[in-house]
Amino acid sequence: MNPTPKPGILDISPYVGGRAHVEGAGKVFKLSSNESALGASPMAVAAFKETAGGLDFYPEGSAKILREAIAEKFGLDADRIVCGNGSDELLTMLAAAYLRPGDEVLFSEHAFLVYKITTLANSAVPVIVPEKNLRVDVDAMLKAVTPKTRIVYLANPNNPTGSYLPFDEVRRLHAGLRPDTLLVIDAAYAEYVRRNDYESGIEMVANFQNVVMTRTFSKIYGLAGLRVGWAYCPAAVADVLNRIRGPFNVSVPSQRAAAAALKDRAHLEAGVAHNEKWRAWLTAEIRKLGFRVDDSVGNFILIHFGKDGTAHDADQFLTSRGIILRGVASYGLPDCLRLTVGPEEANRAVVAALAEFAGRK
Ligand SMILES: *Cc1c(COP(=O)(O)O)cnc(C)c1O
């Protein structure tokens with residue numbers, strides 16, 4: 001018999017990222033992967049370039065310089081930070097470390113696809129909980145908890161819906177979990193959120209032994225191509241992750257550039273201000289064209305089309321204009337397209353093209 005993978009692996013639909021290219025169009029605006037509208041900090045780019053002369057040396061395996069830079073910026077314990085090749089790697093390592101075959105993993109209906117992939121990859125069982133108005137429904141999540149629930153993944157804010165759970169709701173979710181169930185709070189978009197009732201997860205990790213928060217340099221820091229993320233963990237979880245992670249899982253350029261990016265506060269603030277301004281503008285302008293747009297706290301918005309395949313037609317039309325959005329059928333939202341807040345020129349091009357599309361219908 002030929003080699004066969006572990007049970008569950010052949011049930012995985014491979015992750016398909018946002019498209020990056022279109023044929024034949026002139027200028028292309030890629031607004032499909034929630035990348036930064038302002039790009040990376042020049043300080044991060046300079047730090048990256050400085051590493052070019054030392055590529056023959058292995059990195060320091062624990063990403064010490066980066067953990068210390070994160071610890072300093074956020075006031076955390078560097079020993080409880082674990083860095084990864086993107087936060088995807090950390091989400092995946094947590095599953096590999098804690099899931100036994102048949103364990104249940106809870107997440108909400110329109111949650112990030114990586115949770116399902118990594119659950120199946122570990123022969124565990126995804127338990128997908130319906131949302132209410134495209135928001136995580138804590139009561140429904142708690143009802144779905146069983147003695148087999150091992151991990152609960154919560155993207156907060158969630159991609160692609162753009163909604164978030166206020167702190168008291170996260171507390172309520174956690175309060176309904178057994179101490180041996182791990183709550184993983186994926187806060188990839190935390191920097192963009194400007195709400196008084198939001199907390200990224202740092203406080204939860206400080207108070208509980210079964211909560212982990214993951215963060216990324218791929219979004220507001222504009223370093224998606226480098227692949228750097230980090231997790232803030234209880235000491236025992238950090239210890240577990242450090243036993244199973246690849247010994248050199250974060251490259252030298254990644255460590256240096258990410259550490260430098262953290263020091264550029266002005267760039268971060270410019271990213272937040274740009275996002276606030278243009279997310280509001282896009283939301284209002286696209287609503288004026290007659291499309292439903294949900295309120296979002298992230299750097300993207302979800303646009304609703306009719307239940308008649310219009311989302312597909314709109315996607316094709318926009319693509320013909322060189323504008324790439326993200327179809328989210330794989331997230332259970334076949335009538336929607338997700339739009340990343342881009343640079344001004346891109347945002348204006350999207351609204352103009354959608355106006356043209358609406359006029360043709
Ligand atoms: C983009 C994104 C991430 C980040 O993944 P990286 O591997 O760090 O690039 C994590 N979670 C969600 C929900 C995201 O949308």
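By convention here, the first residue in the shown sequence is residue 1. Read the numbers this way: they start at 1 and go in the same order the structure lists the ligands and their atoms.
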Polar contact flag, side-chain donor to acceptor under 3.5 angstrom, N159-R338:
yes

Residues with a heavy atom under 4.0 Å from ligand 1, by chain and number, are G86, S87, D88, F112, N159, D186, A188, Y189, T216, S218, K219, R227

Could you tell me whether K30 and E35 have a side-chain N and a carboxylate O separated by less than 4.0 Å?
yes

Please determine whether a side-chain nitrogen of the Lys or Arg among R100 and D180 lies less than 4.0 Å from a carboxylate oxygen of the Asp or Glu.
no

Would you say Y98 and N122 are linked by a side-chain donor-acceptor pair, where the criterion is simply a distance under 3.5 Å?
no

Do M93 and V237 belong together in a cluster built from hydrophobic side chains that touch within less than 4.5 Å?
yes

Will you find, in the side chains of E89 and S87, an N or O donor that is under 3.5 Å from an N or O acceptor?
no

